[in-house]
Amino acid sequence: MKALRRFTVRAHLPDRLAALERLSVNLRWSWDKPTQDLFEAIDPQLWETVGADPVGLLGQVSPARLQQLAADDSFVTRLDDLAADLDDYLTRPLWYQQLGAASGGPDADQHDGVLPHGIAYFSMEFGVVEVLPNYSGGLGILAGDHLKSASDLGLPLIAVGLHYGSGYFRQSLTADGWQHENYPHLDPQGLPLRLLVGADGKAVLIDLALPGGAILYARIWVAQVGRIPLLLLDSDIPDNDHDLRGVTDRLYGGDQEHRMRQEILAGIGGVRAIRAFTALEGLPAPEVFHMNEGHAGFLGAERIREFIEAGLDFDTALTVVRASTVFTTHTPVPAGIDRFPLELVERYFGPEAGAVGSRLLPGVPLDRILAFGAEDDPTKFNMAHMGLRLAQRANGVSLLHGRVSREMFNDLWPGFDAVEVPIGSITNGVHAPTWAAPQWLELGRELLGSEDLTTLREPETWKGLNRVDPGHLWWIRSQLRAELIDDVRARLRRSWLERGAPSVELGWTATAFDPSVLTIGFARRVPTYKRLTLMLRDPERLARLLLDPERPVQLIVAGKSHPADEAGKALIQQIVRFADREDLRHRIAFLPDYDMSMARKLYHGCDVWLNNPLRPLEACGTSGMKSALNGGLNLSIRDGWWDEWFDGDNGWEIPTADGLTDENRRDDLEAAALYDVLEHAVVSRFYDRDEHGIPVRWVEMVRHTLEVLGPKVLASRMVRDYTEKYYLPAARSLRRSVEPGRSSPKFDVPFGAAQELADFRRRVERAWAHVRISDVDSSGLPDTPLLGSELTLTALVHLDGLNADEVAVQALLGRVDAGDTLIDPVTVPMTHVGTADGGRASFTATAPLPVTGSVGYAVRVLPHHRLLAGPTELGLVTFA
Ligand SMILES: *Cc1c(COP(=O)(O)O)cnc(C)c1O
């Protein structure tokens, strides 16, 4: 008989061991080796069985063992020390608190000196630790690393997502190499989560009114990630109708309507969950809202509803919401952007009879919601467009992705060249204590002479590696490779057993792979653009590399295909079949069920990390960063972060055939380039040894990689960048927008500044069609202009009722190409000098000629308001 559900019944913890509870539920243990070691010491064998999971371990350890430990003074002392260390970690002033102290002095501007009281971080997935499988790939892992670094830096951040009944799927393979998906149910009781309960001890529920009178309820689980609470909404409760219980069943499963409900729950429900949580915990309301991808974009609509309920009009509410919202786009792949059929949005946000807005968002008119998601296709609602329209500040996740995003979303800022589209970039990073092998962290502590690794962000810190003997660096690399090979053999055997092979035939797995052979890793999700099978373009050439008698390579491949992506599964099958070849299976393997625990071993042990996406579709990529943090050398297409930080000596680039439209041919060329680099550069360097067997030049590359990439790839660098470039300016904009306005007595009320900006926006949008630059005159240049000669420009502008200080008039001056296009012009602000006939405003500027050669100028007018984040924000511009 099979049980319907399973749950865990725990032994009571003896009093002296009570702190184990706290250490097990705060996920800080996942990046604190001493705490992991403590849990392992409770029962090493059980620790392995439960998959390094403190909550799982406490659920199964025997009461007798607990009694024994409670009587063990040295264990209890160790426990008390670690509990004290956790308390210290959770309370001592960190970077953020120092930032506040440094900038909040008496002379600081009253706005500039104040840090945001709270930041709300929204994502559909969070990969914090493998025991909380709430992620499918890079986006989730990145979110997890963001939270951990925010904790390490002391940011007052609250994260929000969904708790999925069965997370993402577990992957296995059928005998013929087809991906099989399994959705084990996750029992929240067995996870490091606590239920948010009210003063009455009952679960706090948030509710959402759906069409047809239904109500969707959700309870809130809290995962504690160091200092950071992560709220996860869960609809699987008896209060819901049967089909609504399933809203949070799986990550990225189901049809469009299912997805829509999930995103409404994450966005709107997410804001409601934050309100309930901060009220209960006595925390200040977050000031900055950070949307990751458009998925949770409805959060902006909910905040508008809140402000309307508080008495603001729609446009003022939108202005305040925009001021305090940051939108991060994480993909340039169109399939990665959610687009809903318009009728679905109409159904969920359509008005009730006689009322403004839906039951879901009373007071928020449907047409305004629809306008947020408008795109080229009038039948579609685009969630990324909504994100961009609800956020005053936006960014991509690497320099190249920022550039690609400015082009991709250029249509939302018509009239501007892509370079001026207000989407910046912050390059992703990875959380070192999570991803660097203990051996490296230990070396770091030795070099620093301190337990405190916060100075890892200083490039100087990494220079200490110059003092380390090449033999020692090689010893660490070799040790990590050997640990990986052990793990690979065990996984290979398990996979073959699952595929139905009898164990007597699996003796070969015990000696498959070789700890002394050059080891290459390739592991990631399997969307087409990542080109899992590029390495198989010329199978025999790959086989020769694998089987070279003197200088072989071995390849470990892993990754999940989205369950609905049959083409992706076919790619996996292709690799599996190749790796099944009896002559090759000791040198190449596809390992099923790529997750954080497998990933960690791969990043630790692989000598080379291979990545061959179709440029420029990889927004950033982070697995290569994790490999680099362990002295792995990247061999990659110059896409995402690698385009930015490859320096010629820290790995290899695979040359690309960018712009070639014949994809087949492009794959051929790029695969050939990959084999070439492997054969001519990578392999020879790895096997070129000195008299002690050390590949000195390889080790120098390892050292150089750690030194130059170490300080850059850190998530702490990323989170500091977000704080300084996005969170602080957004909080500043928010605080300015809620103040009284300045332009007229009518706005001399709270939120007057936002009203003033909303009013300004309405007026310029109306007037803009008539704003015209009628005359431009130049003067001042000598007959033969020289570099630096001064040019004076005067322009007359018809303002159609706008004031002269409500526009910015700019001269653009620079080199022109044969088609008269200005190349990287300098921008010179023109000053208002008076009114000419016909009420036209006169503007002028004098500037030195900035370059030699063919030089040209242009004059343009843009809206100007002190509360705009930049002159291009409203997407309005008129050229002479
Ligand atoms: C880092 C990581 C990813 C992201 O890898 P990409 O380089 O962005 O493809 C995916 N899955 C896991 C488990 C990871 O640790």
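Counting convention: from 1, in listed order, for ligands and their atoms alike.
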Contact region, Trp435 to ligand 1, non-hydrogen atoms below 4.0 Å, reads side chain

| query | For the residue pair His290 and Tyr121, does the interplanar ring angle fall in the parallel (under 30°), tilted (30 to 60°) or perpendicular (over 60°) class? | reply | perpendicular

Indicate yes or no: does an N/O atom of Glu618 lie under 3.5 Å from an N/O atom of ligand 1?
no

Counting heavy atoms under 4.0 Å, the part of Met598 that contacts ligand 1 is neither

Review point. How are the rings of Trp641 and Trp645 set relative to one another: parallel (under 30°), tilted (30 to 60°) or perpendicular (over 60°)?
Key: perpendicular

Quick note on ligand 1: atoms under 4.0 Å from a heavy atom of Gly621 include exactly 7 (O), 8 (O)

among protein heavy atoms, the one nearest atom 8 (O) of ligand 1 is Thr622 N, 3.3 Å

Under 4.0 Å from one or more heavy atoms of Arg524, ligand 1 contributes atoms 9 (O)

Checking heavy atoms under 4.0 Å, the part of Trp609 that sits near ligand 1 is neither

Do Thr705 and Asn650 pair up side chain to side chain, a donor and an acceptor below 3.5 Å, judged on atom types alone? no

Side chains of Ser623 and Arg524: any donor to acceptor distance under 3.5 Å?
yes

Under 4.0 Å between heavy atoms, the region of Ala599 that gets near ligand 1 turns out to be side chain

| message | Would Tyr135 count as being in polar contact with ligand 1, using the rule that some N or O on each side must be under 3.5 angstrom apart? | response | no

Is it the case that Arg227 and Asn26 place a side-chain donor and acceptor less than 3.5 Å from each other?
-> no

*Has ligand 1 got any nitrogen or oxygen that is less than 3.5 angstrom from a nitrogen or oxygen of Lys530?*
yes

| Do the two ring centres, one from Phe39 and one from Trp29, sit under 6.0 Å apart? | no

Near Lys626 (heavy-atom distance under 4.0 Å), the atoms of ligand 1 are 1 (C), 2 (C), 3 (C), 14 (C), 15 (O)

| query | Can Asn611 and Glu618 be counted as having a side-chain donor-acceptor contact under 3.5 angstrom? | reply | yes

of all protein heavy atoms, closest to atom 11 (N) of ligand 1 is Tyr594 CE2, 3.4 Å

Short version for Asp595: what comes under 4.0 Å of ligand 1, heavy atoms counted, is backbone

Counting heavy atoms under 4.0 Å, the part of Ile141 that contacts ligand 1 is side chain

Consider only side-chain N and O atoms of Thr519 and Gln554, and report whether a donor and an acceptor are under 3.5 Å apart.
yes

Quick one: do the Tyr89 and Asp152 side chains pair a donor with an acceptor below 3.5 Å? yes

closest protein heavy atom to atom 6 (P) of ligand 1 is Ser623 OG, 3.6 Å

Distance-only polar pair, side chains of Asp607 and Trp698, donor-acceptor under 3.5 Å
no

For Tyr603, the atoms of ligand 1 under 4.0 Å from one of its heavy atoms are 1 (C), 2 (C), 14 (C), 15 (O)

In ligand 1, the atoms that come under 4.0 Å of a heavy atom of Gly138 are 3 (C), 4 (C), 10 (C)

How are the rings of Tyr168 and Tyr252 set relative to one another: parallel (under 30°), tilted (30 to 60°) or perpendicular (over 60°)? perpendicular

